[in-house]
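Report on the structure given below.
Just so it is clear, the structure is predicted and the values come from calculations on it, not from any experiment. The chain is numbered in sequence order, starting from 1.
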Amino acid sequence: MLARHNSVWLVPRHGAPAKAAVVGVLDRTTYPQLRDRLLEFAVDSEDGVLIDIERLELRDRALIRVFALVALRVGDWPAIPFALVTGRPEQRAALAASCVPVYPDAATAEAALTRPARRRVGRLLDRSPRTSARARGFVRGICAEWMVPELAEDAELVATELVENTLRHTDSVPRLRLELRRRTLAVEVADESARPAVLREGLDLVHAGLGLRMVTKVAKRWGSSRSRSGGKTVWALLARS
C-alpha cells in the first residue's frame, strides 16, 4: 500500500497589501515547502503580507513557528509587515506566544497594518563592459537625490559586486534597485538564476569583482532570496549613522 503524502498550498489573492491563503496540512514533511513559498511570496510584495490560515490543518503545534521564522526574515528584508488571519480559536491560541500579529479577519488586519514609509527606484541594466560603471553612476546619483551622500561609497561598492556576480555567474540582465526606509538603504540586484549567492573563501583580491566578502565588510546584513518567478534577489543593507 502506497504511503499518502500530505501537501500544502499557498493560494494568492488579489489586492494590496499582498494576500494569500494557506491550504492543506502542516507537518514535518510540508514545513520546508511552506516556509520557502511564504518567503518567495514576501520577496515580491511591497506594502505588507497577510496570510489566511483558516484552512490549514496543523498536525504538530510546534511547527506553527514557521510563521514566526518567516515574519522575522521578511522584517529584515524586504522590511515589510507580516500578519496572519484566522477566526479559529485553537489556531489563535497556538500563535499567542509568537511574535506574529494575528487578526480575526482580513478587514481588521488591513486596518491595523502599518506600512513602512519608503523610497524605491530601480534600473534594468545591460550586459556590457560598462555595466558596472553605469550601476555606480546610478547609485551615486540616487544617493545624492535622497540626501544620503554618506552611504554613496559603500552603496556603489555593493552594487558593483552584486552586478559583477550576476554578469559572471548567470546569463541574466541585472536588475538593480535601491530602497530607503527609516535609517536603512537596501541595495538589491535581481536575476533569473535560481542558484543562491554563496560567500566563497580564498578570493583573489587583485582581480575585478572582489566578491561577496567585500559586501559583508560594509553591509549591516545581506542575503539571497528566491522569487516566485524562479530567479533570486541578492540584497545588502547599509545603515545610516
Side-chain angles (χ1 to χ4, degrees), residues 5-13 17-24 26-49 51 63 66-67 69-80 82 120-128 131-132 134-135 138 157-179 186-203 208-216 219 221-237:
H5 296 283
N6 294 317
S7 299
V8 68
W9 298 272
L10 189 67
V11 184
R13 295 174 175 172
K19 306 179 187 69
V22 177
V23 180
L26 177 57
D27 61 16
R28 295 189 180 280
T29 63
T30 60
Y31 179 99
Q33 181 184 13
L34 178 59
R35 176 199 61 211
D36 293 347
R37 288 183 177 176
L38 286 170
L39 289 170
E40 290 168 11
F41 184 74
V43 166
D44 295 327
S45 306
E46 296 186 359
D47 296 321
V49 174
I51 303 296
L63 299 181
V66 67
F67 298 110
L69 171 65
V70 172
L72 184 64
R73 289 194 184 179
V74 304
D76 204 21
W77 184 90
I80 56 174
F82 179 92
R120 173 182 294 169
V121 66
R123 172 162 293 183
L124 184 65
L125 301 171
D126 58 3
R127 295 184 63 92
S128 78
T131 300
S132 294
R134 291 191 180 101
F138 175 70
L157 183 150
V158 170
T160 299
E161 298 311 321
L162 299 188
V163 166
E164 288 287 344
N165 275 355
T166 296
L167 297 176
R168 187 178 301 110
H169 300 296
T170 80
D171 296 324
S172 303
V173 174
R175 297 189 302 278
L176 172 63
R177 187 167 70 180
L178 301 178
E179 290 188 19
V187 182
E188 312 163 14
V189 174
D191 61 54
E192 301 303 322
S193 171
R195 284 182 55 190
V198 177
L199 183 63
R200 300 184 185 277
E201 301 289 345
L203 296 172
L210 303 182
L212 290 173
R213 185 158 301 283
M214 292 301 298
V215 173
T216 66
R221 201 164 289 111
W222 78 279
S224 178
S225 302
R226 290 176 55 183
S227 62
R228 280 183 286 171
S229 65
K232 68 175 179 298
T233 299
V234 186
W235 50 271
L237 307 180

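- Not counting sequence neighbours, Leu72 has no partner by the side-chain contact (heavy atoms from CB on, under 4.5 Å) test.
- For the pair Val70/Phe82, a side-chain contact is recorded, criterion being any heavy-atom separation below 4.5 Å from C-beta on.
- Residues passing the side chain to side chain donor-acceptor pair (under 3.5 Å) test with Arg28, sequence neighbours excluded: Asp60.
- Residues passing the side-chain contact (heavy atoms from CB on, under 4.5 Å) test with Ala194: none are found, sequence neighbours excluded.
- Residues Arg73 and Leu39 have side chains in contact (heavy-atom distance under 4.5 Å, counting atoms from C-beta outward).
- For Asp76, the salt bridge (charged side-chain N to carboxylate O under 4.0 Å, His left out) partners two or more places apart in sequence, or in a different chain, are Arg221.
- Qualifying side chain to side chain donor-acceptor pair (under 3.5 Å) partners for Gln33, counting only residues two or more places apart in sequence or in other chains: none.
- Counting heavy atoms from C-beta on, the side chains of Leu26 and Leu34 come closer than 4.5 Å.
- When side chains are defined from C-beta on, Phe138 does not count as touching Leu125, because their heavy atoms never get closer than 4.5 Å.
- With sequence neighbours excluded, the residues satisfying side-chain contact (heavy atoms from CB on, under 4.5 Å) with Arg120 are Glu46, Arg118, Arg177, Glu179.
- Residues that satisfy the side-chain contact (heavy atoms from CB on, under 4.5 Å) test with Asp126, not counting sequence neighbours, are Ser128, Thr131, Arg134.
- Every side chain to side chain donor-acceptor pair (under 3.5 Å) that Ser132 has, sequence neighbours left out, goes to Glu164.
- Asp36 meets the side chain to side chain donor-acceptor pair (under 3.5 Å) test with no other residue; sequence neighbours excluded.
- Residues satisfying the salt bridge (charged side-chain N to carboxylate O under 4.0 Å, His left out) criterion with Arg175, sequence neighbours excluded, are Glu192.
- Counting only residues at least two apart or in different chains, side chain to side chain donor-acceptor pair (under 3.5 Å) contacts with residues 223-233 comprise Glu40-Arg226, Asp44-Arg228, Asp191-Lys232, Ser225-Trp235, Ser227-Ser229.
- Proximity of a side-chain donor or acceptor of Arg127 to a complementary backbone N or O of Leu167 within less than 3.5 Å is detected.
- Residues Val158 and Trp222 have side chains not in contact (no heavy-atom distance under 4.5 Å, counting atoms from C-beta outward).
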